[in-house]
K.L.:
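Have a look at this one.
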Number of protein chains: 2
Amino acid sequence: MVFSTANGSAPLYTQIQNLLITRIIKGEWSPTEIIPSEIQFARELGVSQGTIRKAITGLVERKILIRRHGKGTFVASHDNDRALFQFFRIHNKKNIKALPESKTLTFIQRSASAAEADKLHLPKKARVFFIERIRSLDDQPIIIESITLPDHLFKGLKDIHLLNTLYNLYETEFSIAVHRAEESLRAISASKHDAAQLNLTEGAPLLEIERLALTLDNEPIELRISRCTTEKHHYWNTLY
Amino acid sequence: MVFSTANGSAPLYTQIQNLLITRIIKGEWSPTEIIPSEIQFARELGVSQGTIRKAITGLVERKILIRRHGKGTFVASHDNDRALFQFFRIHNKKNIKALPESKTLTFIQRSASAAEADKLHLPKKARVFFIERIRSLDDQPIIIESITLPDHLFKGLKDIHLLNTLYNLYETEFSIAVHRAEESLRAISASKHDAAQLNLTEGAPLLEIERLALTLDNEPIELRISRCTTEKHHYWNTLY
DNA sequence: TAGTGGTCTAGACCACGAC
DNA sequence: TCGTGGTCTAGACCACTAC
């Protein structure tokens, strides 16, 4: 048995969860890839299938793994569904969401601001990619969004890449899997620039969403600031 | 066996979950009260303890029940912790929350507006309680909040009641348990009234949170509109 | 048909809390 | 000490997917 059973040690299934997470972080299996079956794991680790099931169930709940009945267990990935249902919270009046269209305004490399470096855990003035884009819902420009990415993680990123869903792009082209995102929301006044892009008057109230995307390893890899007009849309959340 | 095992029927643990939910809704056990032990349930329902455990685990995850090791399983309640950690999302710059102080400005009964009646599933112009209050964080007025309650559910509600945490009050005084809340967030401009109460200039951007609180039975029981200045605070959310 | 995850059982043993 | 929930096992059988 590879696990500690000493008095006071964590339960087996917790140790197995940590083992799985470590192996996923090491890249032993990538998003969308299948992991060994429960029975194989049970044999490999010398525990019962029930214990493996319990460990995997926890990771499924944390959206680290996905089970498919009859097929196997897979590392979670940012497909369009996840982008839309887990990570996009802007709804229209009927409380329906639609994947927005995006138009890139700016795509440059520059030095990180002090705030960006701080939030992305980068050295002062580290190089970053900076992207600005407009997102439209129902053919109306609703969101102006600025995205900052550490350039050492995204070597070779090109303007053309930005057509895809970003988190899917990070995964497939740069082997960076976003696991969770932390958002803080504020109300601000539209700048002249914001207002021009969103067809509003300067000073109009905008919902500002600052999002930091993190990997399973808790490394911040994207800072995204979205400013949204909420005349016809809103940010939706459910509390339990 | 009281359960269906016909081909195509839901799993036992799902049927047991539904049974438990039904019995909680009927009021067989109230928030904070203990429910029978797993072994008792297993005997009563003629299934194994493992199946009961699986059913209860699901309800614990949905925050309908709470387990206490060595003590028993209890119906979830809105204590201060839950109010603060699950249902209050306003943080300060250090990303710390503090339970706000409240000062009541208005406490009246009146007819519901069309929007209120619609959202609370009430007949047109049904009578409601309407409360307006200011909430302060760190001694600063931050939030102006208006609350609408169907008066038939809150018979005898008095101004004096409002000193408590509201969801706890609903539970203990009116036997109404809030299970979840749906929020929609927008940016708006402060009205003259808002601005005066929050020491702001008219037109300042405010974060407006419209919250509908629902019971386990999916009945809406409170409509709450909070307008927050986000100069020194923000709304915090994590996505997975 | 073979392999996967999904359900359910019966039972042993552990850890916590109240008495 | 007793009753509670918590962990872990071994095994039966079901349901879905692919071949």
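A, B, ... follow the sequence lines: proteins, then strands. Residue 1 opens every chain. Predicted model, so just to flag it, every value in this text is computed and none were measured.
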K.L.:
Taking ring pair (Phe, Tyr, Trp, His ring centres under 6.0 Å) as the test, write out the residues that go with A/His121, two or more places apart.
P.N.:
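Testing A/His121 for ring pair (Phe, Tyr, Trp, His ring centres under 6.0 Å), a comparison that skips the adjacent residues, returns none.
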
K.L.:
Roughly, in whole Å, what's the span from OH in B/Tyr13 to P in D/dC14?
P.N.:
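Between P of D/dC14 and OH of B/Tyr13: 17 Å.
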
K.L.:
Return the value, rounded to whole Å, for the distance between atom CD1 of A/Ile39 and atom C1' of D/dA10.
P.N.:
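My rounded result for the distance is 12 Å.
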
K.L.:
Sequence neighbours excluded, which residues qualify as ring pair (Phe, Tyr, Trp, His ring centres under 6.0 Å) partners of A/Tyr235?
P.N.:
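Ring pair (Phe, Tyr, Trp, His ring centres under 6.0 Å) check on A/Tyr235 returns nothing, list empty.
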
K.L.:
Please report the distance, rounded to the nearest Å, between CG in A/Leu12 and C1' in D/dG6.
P.N.:
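Answer to the nearest Å: 13 Å.
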
K.L.:
Quickly work out the B/Phe74 CZ to C/dC16 C1' distance and round it to whole Å.
P.N.:
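Atom-to-atom, B/Phe74 to C/dC16, this comes out as 13 Å.
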
K.L.:
If only side-chain N and O atoms of A/Ser37 are considered, is one of them under 4.0 Å from the OP1 or OP2 phosphate oxygen of C/dG3?
P.N.:
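For C/dG3, neither OP1 nor OP2 has a side-chain N or O of A/Ser37 closer than 4.0 Å.
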
K.L.:
Is there a side-chain contact between B/Thr73 and the phosphate of D/dT4, meaning an N or O under 4.0 Å from OP1 or OP2?
P.N.:
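For D/dT4, neither OP1 nor OP2 has a side-chain N or O of B/Thr73 closer than 4.0 Å.
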
K.L.:
Just grab all the salt bridge (Lys or Arg N to Asp or Glu O under 4.0 Å) pairs involving residues 13-34 of chain B, residues at least two apart or on different chains.
P.N.:
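Residue pairs with at least one partner in residues 13-34 of chain B: B/Arg23-B/Glu28, B/Arg23-B/Glu44.
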
K.L.:
Please determine, for the side chain of B/Lys71, which listed nucleotide (D/dC8, C/dA18, D/dT17) has the closest atom?
P.N.:
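Of D/dC8, C/dA18, D/dT17, C/dA18 is nearest to the side chain of B/Lys71.
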
K.L.:
Strictly distance-based, threshold 3.5 Å: is any side-chain N or O of A/Glu171 a donor or acceptor partner for the main-chain N or O of A/His78?
P.N.:
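Checked: pair present.
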
K.L.:
Which ones in residues 49-69 of chain B lie close to DNA chain D, meaning a heavy atom under 4.0 Å from one of its atoms?
P.N.:
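Those residues are B/Arg53, B/Arg67, B/Arg68, B/His69.
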
K.L.:
Round to the nearest Å and state the distance from B/Glu38 atom CD to C/dC13 atom P.
P.N.:
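Distance, rounded to whole Å: 19 Å.
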
K.L.:
Does A/Tyr13 have A/Lys54 sitting over its ring (NZ/CZ under 6.0 Å from centre, angle to axis within 45°)?
P.N.:
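Yes, cation above the ring, under 6.0 Å and within 45°.
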
K.L.:
What is the distance, rounded to the nearest whole Å, between atom CG of A/Leu45 and atom C1' of D/dC8?
P.N.:
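After rounding, the reported distance stands at 14 Å.
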
K.L.:
Rounded to whole angstrom units, what separation is found between the CZ atom of B/Phe41 and the C1' atom of D/dG3?
P.N.:
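Computing the B/Phe41:CZ to D/dG3:C1' distance gives 16 Å.
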
K.L.:
Going by atom type alone, with no hydrogens or angles, which donor-acceptor pairs under 3.5 Å involve a side-chain atom of residues 211-220 of chain A and a protein atom two or more places apart or on another chain?
P.N.:
from	atom 1	to	atom 2	distance (Å)
A/Arg211	NE	A/Glu183	OE2	2.8
A/Arg211	NH1	A/Tyr167	OH	3.1
A/Arg211	NH2	A/Phe87	O	2.5
A/Arg211	NH2	A/Glu183	OE2	2.9
A/Thr215	OG1	A/Asp217	N	3.2
A/Thr215	OG1	A/Glu219	N	3.2
A/Asn218	OD1	A/Arg180	NH1	2.6

K.L.:
For the pair made of CZ in B/Arg43 and C1' in C/dT9, what is the distance, rounded to whole Å?
P.N.:
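Atom CZ in B/Arg43 sits about 16 Å away from atom C1' in C/dT9.
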
K.L.:
With sequence neighbours excluded, what pairs up with B/Glu116 under the salt bridge (Lys or Arg N to Asp or Glu O under 4.0 Å) test?
P.N.:
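Result, salt bridge (Lys or Arg N to Asp or Glu O under 4.0 Å) vs B/Glu116: B/Arg110.
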
